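One structure below.
This is a predicted model, so every value here is computed, not measured.
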Amino acid sequence: KAYQFVKTKKLKSNTIIVAVIDSGIDTLHEDLKSVLWTNPREIPDNGIDDDKNGYSDDVHGWNFQKNDSNVNEGSHGVNVNGMIGAVGNNGIGVTGINWNVKMMNVVYAGTEESSVIESYDYPLQSRILYNNTNGSEGAFVVSVNSSWGIDYGKPADAPIWCNFYDVMGAAGILSVAATSNSNVNVDVD
């Protein structure tokens, strides 16, 4: 795809959205349900792509593993969403870093380069639409979080994947990623 970006001066909405690319979320979780991003142009469960973005019923995001709108699964994604935006000061559960953020959930299908690009492209297209319509459509995705990856991966082995971080950055999206889940000094290894 060719990507075009338009710089915006005044945007209609500035609700900060973090796209969590992981295993999914519990949409009924007491500390997370109020911070879920909701696609305002999509009517839930009608089987129609109301906002014409290529995904039917993508109310809270998209599941690329099953190719459907069900993001209500996965324990790791619940933990990641909780660290980012679990509602605090309510006497229950945990507290996230930002209680005012909205979280778009994308269930990734795997670490093959094409699957990763597909997962990143969903929030990117939402942000591009937001930028190009001065905030009247799309979503103000400011960051994607990927708490997964390939240990000891080399950029030369995934050049399209690595370049996609620049593409997202040009649209205004910061990429946040995990480091190794092993006992290594990542500054050295």
Side-chain angles (χ1 to χ4, degrees), residues 1-8 16-25 36-39 41-42 49-81 83-85 101-133 135 137-181 186:
K1 289 182 180 177
Y3 298 99
Q4 294 181 334
F5 306 106
V6 175
K7 293 198 182 234
T8 56
I16 295 172
I17 299 166
V18 174
V20 177
I21 301 176
D22 211 288
S23 65
I25 187 170
L36 283 174
W37 168 74
T38 300
N39 184 344
R41 295 183 169 274
E42 197 67 49
D49 180 14
D50 301 295
D51 64 356
K52 310 259 187 282
N53 69 348
Y55 305 96
S56 297
D57 298 327
D58 59 320
V59 176
H60 299 299
W62 192 254
N63 185 330
F64 285 99
Q65 197 170 66
K66 296 181 179 175
N67 200 30
D68 66 21
S69 62
N70 180 17
V71 296
N72 193 28
E73 57 184 45
S75 60
H76 192 266
V78 172
N79 294 334
V80 173
N81 276 272
M83 286 184 271
I84 295 169
V101 71
K102 295 293 182 183
M103 292 177 293
M104 172 190 287
N105 278 266
V106 178
V107 179
Y108 74 106
T111 57
E112 299 81 22
E113 194 168 32
S114 60
S115 296
V116 172
I117 299 304
E118 186 176 49
S119 297
Y120 284 147
D121 193 51
Y122 181 85
L124 174 64
Q125 293 305 317
S126 294
R127 178 60 191 259
I128 290 171
L129 185 58
Y130 179 88
N131 291 349
N132 291 341
T133 63
E137 295 180 41
F140 186 46
V141 179
V142 301
S143 178
V144 295
N145 183 88
S146 306
S147 293
W148 48 270
I150 300 174
D151 286 344
Y152 298 100
K154 304 276 188 261
D157 296 336
I160 300 169
W161 176 350
C162 291
N163 183 58
F164 215 76
Y165 294 121
D166 292 333
V167 173
M168 289 189 293
I173 299 174
L174 173 69
S175 296
V176 178
T179 187
S180 175
N181 283 325
V186 295

| message | Does any part of the side chain of Ser23, heavy atoms only, come nearer than 4.5 Å to the side chain of Val107, both counted from C-beta? | response | no

| query | Is the backbone N or O of Val141 less than 3.5 Å from a side-chain atom of Arg127, with the two atoms forming a donor-acceptor pair by type? | reply | yes

| Sidechain-backbone polar pair: Asn63 side chain, Asn70 backbone, donor-acceptor under 3.5 Å | yes

| message | Set out, in order, the CA-CA distance, both residues' side-chain angles and the distance that settles side-chain contact (heavy atoms from CB on, under 4.5 Å) for Val20 and Ile84, then state yes or no. | response | CA-CA 9 Å; Val20 177; Ile84 295 169; 3.8 Å; yes

What is the minimum heavy-atom distance between [X] and [Y], and which atoms define it?
| X | Y | value |
| --- | --- | --- |
| Thr111 | Gly149 | CG2-O, 4.0 Å |
| His60 | Val71 | CB-CG2, 3.9 Å |
| Lys102 | Leu36 | CD-O, 3.7 Å |
| Asp49 | Ser56 | N-OG, 3.5 Å |
| Gly138 | Leu129 | N-CD2, 3.7 Å |
| Met104 | Ser126 | CE-OG, 3.8 Å |

Is there a donor-acceptor contact under 3.5 Å linking the side chains of [X] and [Y]?
| X | Y | result |
| --- | --- | --- |
| Asn39 | Asp51 | yes |
| Ser119 | Asp121 | no |
| Asp58 | Asn53 | yes |

| request: Go through the steps to decide whether His76 and Asp22 satisfy the test side-chain contact (heavy atoms from CB on, under 4.5 Å), and finish with yes or no. | output: CA-CA 7 Å; His76 192 266; Asp22 211 288; 2.9 Å; yes

| Asn145 CG to Met103 CE distance, which is reported to the nearest 0.5 Å | 10.5 Å

| note | d(Trp37 CH2, Ile17 CD1) to nearest 0.5 Å is 6.5 Å

| Residues forming a side-chain contact (heavy atoms from CB on, under 4.5 Å) with Asp57, sequence neighbours excluded | Glu42, Asn46, Ser69

| remark: Thr179 meets the side-chain contact (heavy atoms from CB on, under 4.5 Å) criterion, sequence neighbours left out, with Val186

Side-chain donor/acceptor pairs under 3.5 Å, residues 159-177, sequence neighbours excluded:
{"unit_1": "Trp161", "atom_1": "NE1", "unit_2": "Tyr165", "atom_2": "OH", "d": "2.9"}
{"unit_1": "Tyr165", "atom_1": "OH", "unit_2": "Tyr120", "atom_2": "OH", "d": "3.2"}

| Partners meeting ring pair (Phe, Tyr, Trp, His ring centres under 6.0 Å) with Tyr108 (sequence neighbours left out) | Trp148

| field | salt bridge (charged side-chain N to carboxylate O under 4.0 Å, His left out) contacts in which one or both residues fall within residues 141-151, not counting sequence neighbours | value | none

| Which pairs count as salt bridge (charged side-chain N to carboxylate O under 4.0 Å, His left out) when at least one residue sits in residues 60-78, sequence neighbours excluded? | Lys66-Glu73

| task | Taking the six-membered ring for Trp and the full ring for Phe, Tyr or His, determine whether the centres of Tyr122 and Trp62 are under 6.0 Å apart. | result | no

